[in-house]
Amino acid sequence: MDDTFKPSRRAFLRGSAAAAAGTVAGAATAGTPDPLITELQDWASYTGAGVDETPYGMPISFESHVVRRNVEWLTASPISSINFTPIHALDGTITPQGCAFERHHSGAIELRKEDYRLMINGLVDTPLVFTYDDLERFPRENHVYFCECAANTGMEWAGAQLNGVQFTHGMIHNMEYTGIPLRTLLQEAGADMAEDKWVYVEGADASSNGRSIPMAKALDDVLVAFKANGEALRMEHGYPVRLVVPGWEGNMWVKWLRRIEVTDMAVESREETSKYTDVMEDGTARKWTWEMDAKSVITAPSPQMPIKHGPGPLVISGLAWSGHGRITRVDVSKDGGITWETARLGKQGDTKALTRFYLDMDWDGAPMLLQSRAMDDTGYVQPTKEQLREKRGENSVYHNNCIQTWYVNAEGIAENVEVS
Amino acid sequence: MSKSPNILLPALGATGIVLGAAYGLSQKDYGADKIAVLEAQVEQVEGRASAASTQLTEATAQAETKAARVAELQQQVTLIQSEARKKAASGNTSLTEPAPVRASGFGLGRPALPEEIAAWDIDVLPDGRGLPDGQGDVWTGEEVFVDYCAACHGDFAEGVDNWPVLAGGFDTLADKDPVKTVGSYWPYLSTVFDYVNRSMPFGAAGTLTPDETYAIVAYILYSNDMVDDDFVLSRDTFMDVEMHNADGFVVDDRPELEYTEWRSEPCMENCKDEVEITMRSVFLVETPPEGGSESVMNPAKVDGLPSFTAAGPSFIPTAAPKPADEAKAEPAAAPAVQTAAADSGGEMRKHGEKVFKKCAACHAVGDGARNKSGPHLNALMGRAFGAVEGFKYSDAFLAANAEGRTWTTEELAAFLAKPKAYMKGTKMAFAGLKKDKDVEAVTAYLSSFGE
């Protein structure tokens, strides 16, 4: 799997010409005719790419900086590591698969549909094995859900750390999934669906990343998914089949799903004991903290998205989401939380999916302390970092859904800060 | 929306041809001797016209039937739409339905065979169910651990680089930086066995025998002072081990402790008197066009920044000299063109680069490569065995170094195929490359790197 962008020679030449023209245009002022308009441009005269040039399209080369990025020192090896979605550069709510964050425990594997097997066993009448083709014959559903790593914003517990919303909040993506309700497969095998039962799920990769899901959730909205945003899952997201556990921490969305076991207790696997448990200030730890609480962040302006246009009309834009349901309201503050205004939602919030919000303003060029605060349909209000620390201390690593602050200075440059 | 015109068209077309023929006849002055012939032709034409007329009647009838069907369908659509409107009015805004279920199942899939279940269902539960036959003692465990685990976790389970520390850290969980190890944090022994058994060693998961797993787990317990050196771990002794932090966990109590408090109407105005910036980002992160990121410490302090009140910022700081960074923030120009490697050597190296991902967890190669839990591999060919400065080699490699052995394509290929057999005592926890092509490719790939 080669993700690097390799433009054709022609594309490269076109790119250079456009870049050169861009420099000229940059110098044009209101009083000078814009050569981009007055002069015949290459692209308006020569022909462009043919339909046979790009059987599967990549973003145009000018957008090649909008990519997943990792922070090398965070983990011992990129094979057991994480990278971040470039949320600063995206708009709307759907995350393109190619830049949706990845988290692997033993690397992303190549597993052919032909070699794919899904077993369901344990407390079932008939343990079954499905092929990929079998799965496509069950009735399926479409849903948009966000997937957020429990450790998203985890570096920020002890203070403002990484200067970029991609790095503070980019362990999230939002896709439209096509899949089979897990309950359909449980029923097919004649599973014991009593409330005190558990469903243990594991992947086909070397880590297997097993997790235990209580039966109530398994019967509710969990999907065995094989498509995202209309096309096959990408390798790095679990091709050909992954689990979708709406609203719950990303680690439970087991990729390369190979086995579903009905058990009478939680397996207490490595990923649900030594990891993905939250250490409180007194040294005790919370376990089974599955839900991702309501959270929001302003994606622009942000450190990677400075205001370049000076005073005047400015669009403040951001994302909000809740693992408990729908986003009902997002408030934005420009003064660090003294005064709040209710933002405009790009679209009515979907349950357990990203919601885009906007605040359209006239910027006077004065410094701002930008914050956003999400509310969901349970009435939950996104807390401040101070409120979270008061409850949990600074060592819990996971589930940091604090209100984020960007300091925007008079030049429009934004920085990750903490405020009183 | 009616299909009738389409259905009628063929019939009308036929009639048109007949009428055209009649029109042509009326325009010509033919001799009387031709009249009989013409009459015969007229008869034929009339006959065809009559047939066409019959066809037209039939087509009309068909069209009427179709039209009736269309009307029927339209009625159904109206019904469905009105149902939808009713649903919408009652809050159910769409026609989407959950995927249907069948009480008796769909009859898909096939029964799993006992051998298949045995191969995949290897999880071990907290009460010890699922443990395989076998046993392992602490001393065997130490040997196996040094062979398979120490490259990343250290000889004493103390952790190398960023790899997990497995031992110690007792009573640090309430400290500023807790050390979460098997001893200090893990609540169940079953988790240790299950994880080692299924996911370790990193890069060769699933290759340990049950006895080796028992032994490794026994050694990890010993290195945490949780068992004595004569301890033997087996199904029989498993439940005797007491985990230090077994009682250290509570089930998620956010609903009681947090949600109750944080579900109230939030403040909108004058929520605070004054706001000050108390901390600035520790790391400034640059995002180079080639990918990844580079973070540098932020030298800036909070002094000199405005505080905020409801009236706005206390002052507007004078513009700092334009940071050179701004240019870097501009979208990167088109990336440099990479000439396609068309030659087969290039293809081989490319494949090698891909296969090398199996090695990259422990070995770095290329610009600025440093030792990780394995030595860096720059300029490997012709290099003496065990010769990278600063790397702690196994005795096996030190001995090879003393013998004056150097890396060649052949030596590397043999090593990559079966590391443990080729270099008995190597710390490298890698089972080896099974395919000759992969061995050749990695050798070609590594040969392409100089100093």
Side-chain angles (χ1 to χ4, degrees), chain A residues 12 15 19 61 65 69 71 76-77 79 119 121 126-130 134 137 139 141 159-164 167 181 188 206-208 259 267-268 270 273-274 279 282-289 335-340 366-367 369 379-381 383 395 410-411 415-420, chain B residues 99-101 105 108-112 117 120-121 123 126 161-163 173-174 178 186-188 191 195 198-199 205 248-252 258 262-263 266 268-269 271-272 275-285 287 289 292-293 306 308 310 312-313 316 319 331-334 337-338 361:
Chain A
F12 174 68
S61 60
H65 58 292
R69 293 179 188 274
V71 174
S77 152
I79 290 169
M119 182 186 290
N121 74 310
T126 318
L128 292 173
V129 173
F130 301 111
D134 289 336
R137 297 176 65 192
E141 295 181 1
Q161 294 290 311
L162 293 166
N163 203 37
F167 304 100
E188 189 73 13
S207 80
S208 87
R259 199 169 67 91
V267 167
E268 304 285 6
R270 186 245 194 188
T273 53
S274 79
V279 177
D282 65 358
T284 61
R286 286 177 180 165
K287 69 170 183 176
W288 301 351
T289 47
D335 55 17
I338 299 170
T339 318
W340 294 87
L369 285 174
Y380 178 93
V381 182
N395 282 333
E411 289 94 71
E415 187 181 328
N416 179 9
V417 297
E418 278 188 27
V419 293
S420 59
Chain B
V101 288
L108 295 170
R110 60 159 176 88
I117 296 173
W120 276 7
D121 185 354
D123 51 67
D161 299 335
N162 255 349
W163 296 101
L173 297 180
W186 292 38
Y188 301 101
T191 314
Y195 185 67
R198 71 168 66 229
S199 306
F249 291 80
V250 291
V251 172
D252 188 4
E258 298 179 4
W262 297 341
R263 278 179 180 156
M268 295 298 284
E269 278 178 355
C271 305
K272 303 173 190 174
V275 174
E276 281 179 355
I277 296 169
T278 54
M279 183 176 183
R280 302 181 68 161
S281 184
V282 172
F283 298 100
L284 298 176
V285 191
T287 52
S293 66
F308 286 71
I316 298 177
V337 184
Q338 298 183 15

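Reminder, nothing fancy here: chain letters follow the sequence lines and each chain counts from 1. Keep in mind it's a predicted model, so treat the numbers as computed, not measured.
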**Message:** Taking B:Ala99's backbone N and O only, do any of them form a donor-acceptor pair with A:Glu141's side chain (distance below 3.5 Å, no angle check)?
**Reply:** yes

**Prompt:** Which bit of B:Pro313 comes within less than 4.5 Å of chain A, counting heavy atoms only: side chain, backbone, both or neither?
**Reply:** side chain

**Message:** Contact between A:Trp340 and B:Cys271 at the side-chain level, heavy atoms closer than 4.5 Å - yes or no?
**Reply:** yes

**Close side-chain approach of B:Ile277 and A:Glu415, heavy atoms under 4.5 Å** = no

**Request:** Sort out for me which of A:Leu162, A:Thr339, A:Thr284 touches chain B most, counting heavy-atom pairs under 4.5 Å.
**Result:** A:Leu162

**Proximal component of B:Tyr188, with respect to chain A [non-hydrogen, under 4.5 Å]** = side chain

**Prompt:** Do you know which of A:Gly336, A:Pro383, A:Gly337, A:Ser274 has the most heavy-atom pairs with chain B at a distance under 4.5 angstrom?
**Reply:** A:Ser274

**Message:** Quick check on the interface: out of A:Asn416, A:Val381, A:Val129, A:Val71, who has the most heavy-atom pairs with chain B under 4.5 Å?
**Reply:** A:Val129

**Request:** Check A:Pro367 against B:Phe308 and note the closest heavy-atom contact, atom names and distance.
**Result:** O-CE2, 3.4 Å

**Heavy-atom proximity to chain B below 4.5 Å, by part of A:Arg259** = side chain

**Request:** Name the member of A:Pro127, A:Ala366, A:Gly159 that forms the most heavy-atom pairs with chain B at distances under 4.5 Å.
**Result:** A:Pro127

**Prompt:** With a 4.5 angstrom heavy-atom cut-off, which part of B:Pro111 approaches chain A: side chain, backbone, both or neither?
**Reply:** both

**Asked** With a 4.5 Å limit on heavy-atom distance, are the side chains of B:Leu108 and A:Glu188 in contact?
**Response** yes

**Item:** Toward chain B, the part of A:Phe167 with a non-hydrogen atom under 4.5 Å
**Value:** side chain

**Message:** I'd like to know whether CZ of B:Arg263 has more than 12 heavy-atom contacts from other residues, nucleotides or ligands below 6.0 angstrom.
**Reply:** yes

**Item:** Options B:Ala205, B:Gly248, B:Gly292, B:Gly312, ranked by heavy-atom pairs under 4.5 Å with chain A, top entry
**Value:** B:Gly292

**Item:** Heavy-atom donor-acceptor pair, A:Ser420 side chain to B:Glu276 backbone, under 3.5 Å
**Value:** yes

**Asked** Is there a donor-acceptor pair under 3.5 Å between the side chain of A:Thr273 and the backbone N or O of B:Trp186?
**Response** no

**Item:** Which atoms of B:Asp161 approach chain A - backbone, side chain, both or neither, heavy atom under 4.5 Å
**Value:** neither

**Prompt:** Just wondering, do B:Met279 and A:Val417 contact through their side chains at under 4.5 Å, heavy atoms?
**Reply:** no

**Request:** Would you mind reporting whether A:Ile338 and B:Val275 have side-chain heavy atoms less than 4.5 Å apart?
**Result:** yes

**Prompt:** Can you say whether A:Asn121 sits under 4.5 Å from chain B via the side chain, the backbone, both, or neither, judging by heavy atoms?
**Reply:** side chain

**Asked** Looking at A:Arg286 and B:Asp252, what are the two nearest heavy atoms and their distance?
**Response** CD-OD1, 4.4 Å

**Request:** Just jot down the ring pair (Phe, Tyr, Trp, His ring centres under 6.0 Å) partners of B:Trp163, sequence neighbours excluded, or say none.
**Result:** B:Phe202

**Prompt:** Taking every heavy-atom pair that is under 4.5 Å apart, which of A:Ala410, A:Gly164, A:Pro181, A:Ser207 has the most such pairs with chain B?
**Reply:** A:Ser207

**Request:** Can you sort out the partners of A:Gln161 under side chain to side chain donor-acceptor pair (under 3.5 Å), two or more places apart, ordered by chain and number?
**Result:** none

**Item:** Heavy-atom pair count under 4.5 Å with chain A, highest-scoring of B:Ser199, B:Pro178, B:Gly105, B:Pro266
**Value:** B:Pro266

